[in-house]
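Right, one structure below, let's go through it.
Here is the naming used below: chain letters follow the sequence lines, and residue numbers restart at 1 for every chain. Computation of the quantities below employed the complete heavy-atom set of this structure, encompassing side-chain atoms and omitting hydrogens, waters and symmetry-equivalent molecules.
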2 protein chains.
Amino acid sequence: MATHKKDEFSQKEQEMAAISKALSHPARIAILKALAQKNECICGQLVEVLPLAQSTVSQHLKELKSVGLITGETDGPRSCYCINWKTLEKFLGDFNFLFEKLKSVNSKCC
Amino acid sequence: MATHKKDEFSQKEQEMAAISKALSHPARIAILKALAQKNECICGQLVEVLPLAQSTVSQHLKELKSVGLITGETDGPRSCYCINWKTLEKFLGDFNFLFEKLKSVNSKCC
DNA sequence: ACACATTATCGTATATTTGCGATATAAGAT
DNA sequence: ATCTTATATCGCAAATATACGATAATGTGT
């Protein structure tokens with residue numbers, strides 16, 4: 001039975017997993033890449049870059065937004081999405097912290 | 001129709017997504033954390049730390065291993081898992097590279 | 001007010017993930 | 001050889017994710 005046990009893990013573990021999950025699809029990586037390269041809000045045009053239907057892209061954007069990896073506003077027929085640098089930095093920082101100890105002594109292992 | 005379109009993305013995008021996916025479950029984060037803290041091979045004992053059945057833990061280990069985040073050997077009733085620092089470093093490096101540009105000019109955005 | 005263009009949401013089919021118990025496997029101990 | 005112990009694999013049920021078309025929502029222009 002797949003009663004998910006995610007709640008039995010620590011807050012931080014869940015958080016890191018949630019952000020990783022948002023990053024776990026090539027389309028979402030591609031979206032972030034596009035946003036990073038443009039280095040400014042993308043107002044549309046995302047659908048044309050991706051090999052996916054508009055509704056699917058919208059879903060992916062929603063997921064990225066829900067974990068705070070991007071910010072986005074829609075103003076009628078216009079949209080403005082851009083990377084939330086703060087979340088990304090925190091995420092990378094969490095990983096670096098997690099493996100800090102390992103980094104310094106990474107020879108003890110097999 | 002959920003015919004997955006992952007193949008239509010670049011190699012790098014798929015690779016980053018695959019590793020993110022491996023990290024997208026709190027149990028797997030917890031496993032990496034345990035391995036990092038011990039800073040050496042863990043020969044068993046992982047099941048006792050996690051709120052999951054043995055078979056489930058084994059599956060999670062398999063997933064981490066399949067993307068190269070950990071290395072593992074089983075020798076009869078004994079196992080030896082440890083973090084593959086190389087993969088982890090590459091992963092974090094890929095992200096840093098992806099957002100390098102953004103990092104330097106992250107004020108242009110909303 | 002009306003049509004237009006762009007984005008979001010809903011409904012739904014299919015695929016994948018999660019979790020466990022049961023069973024298999026494999027080395028060490030008696 | 002048999003028993004014990006630790007790990008892996010199989011089979012299945014339930015939950016999630018993926019993708020799309022259809023439709024709704026929301027400003028803009030006429």
Counting only side-chain heavy atoms from C-beta out, which of D:dG27, C:dG19, D:dG21 sits nearest to A:Asp75? D:dG27

Does the side chain of A:Thr87 reach to within under 4.5 Å of the side chain of A:Val67, using non-hydrogen atoms? no

Any idea which heavy atoms bring B:Val47 and B:Leu52 closest together, and the distance? CG1-O, 4.1 Å

Starting from the C-alpha separation in whole Å, work towards a yes-or-no answer on side-chain contact (heavy atoms from CB on, under 4.5 Å) for A:Gln14 and A:Asp7. CA-CA 8 Å; A:Gln14 289 185 54; A:Asp7 294 343; 3.8 Å; yes

Where the side chain of B:Leu52 is defined as all heavy atoms beyond and including C-beta, which of C:dC20, C:dT18, D:dT9 is the nearest nucleotide? C:dC20

Measure the acute angle between the ring planes of A:His25 and B:Phe9, then classify it against the limits of 30° and 60° as parallel, tilted or perpendicular. perpendicular

When rounded to whole Å, the NZ to C1' distance for the pair B:Lys62 and C:dC20 reads 16 Å

Would you list the protein and nucleotides 2-8 of chain C atom pairs, both N or O, that sit under 3.5 Å from each other?
{"from": "C:dT6", "atom 1": "O4'", "to": "A:Pro77", "atom 2": "O", "distance (Å)": "3.3"}
{"from": "C:dT6", "atom 1": "O3'", "to": "A:Pro77", "atom 2": "O", "distance (Å)": "2.9"}
{"from": "C:dT7", "atom 1": "OP1", "to": "A:Gly44", "atom 2": "N", "distance (Å)": "3.2"}
{"from": "C:dT7", "atom 1": "OP1", "to": "A:Ser79", "atom 2": "OG", "distance (Å)": "3.2"}
{"from": "C:dA8", "atom 1": "OP1", "to": "A:Tyr81", "atom 2": "OH", "distance (Å)": "2.4"}
{"from": "C:dA8", "atom 1": "OP2", "to": "A:Ser58", "atom 2": "OG", "distance (Å)": "3.0"}
{"from": "C:dA8", "atom 1": "N7", "to": "A:Gln54", "atom 2": "NE2", "distance (Å)": "2.8"}
{"from": "C:dA8", "atom 1": "N6", "to": "A:Gln54", "atom 2": "OE1", "distance (Å)": "3.1"}

Can you tell me if B:His25 touches the phosphate of C:dG19, counting only side-chain N or O atoms and a distance under 4.0 Å to OP1 or OP2? yes

List the steps, then state whether side-chain contact (heavy atoms from CB on, under 4.5 Å) holds for A:Ser20 with B:Arg28. CA-CA 11 Å; A:Ser20 297; B:Arg28 296 195 284 269; over 6 Å; no

Closer than 4.0 Å, any side-chain N/O of B:His60 to the OP1 or OP2 of C:dG19? yes

When you match B:Lys5 and A:Lys21 each to their closest nucleotide on DNA chain D, which lands nearer the 5' end? A:Lys21

Can you tell which of C:dC20, D:dA19, D:dT18 lies closest to the side chain of A:Arg28? D:dT18

Would you mind reading off the distance between A:Leu23 atom CG and D:dT18 atom C1', rounded to a whole angstrom? 17 Å

Given atom CD of B:Glu48 and atom P of D:dT5, what is their separation to the nearest angstrom? 14 Å

Taking NZ in B:Lys86 as the centre, count heavy atoms belonging to other residues, nucleotides or ligands within less than 6.0 Å. Is the count above 12? no

Considering only heavy atoms, which members of residues 7-20 of chain A lie under 4.0 Å from some atom of DNA chain D? none

Gap between atoms CD and P, on B:Gln59 and D:dA6 respectively (whole Å): 21 Å

Less than 4.5 Å apart, any side-chain heavy atom of A:Leu98 and any of A:Met16? yes

Do the ring planes of B:Phe95 and B:Phe91 sit parallel (below 30°), tilted (30 to 60°) or perpendicular (above 60°)? perpendicular

Compare side-chain N and O positions of A:Thr56 against OP1 and OP2 of D:dC20 and report whether any pair is under 4.0 Å apart. yes

For the pair A:Ser24 (side chain) and A:Lys21 (backbone), establish whether a donor and an acceptor sit closer than 3.5 Å, ignoring hydrogens and angles. yes

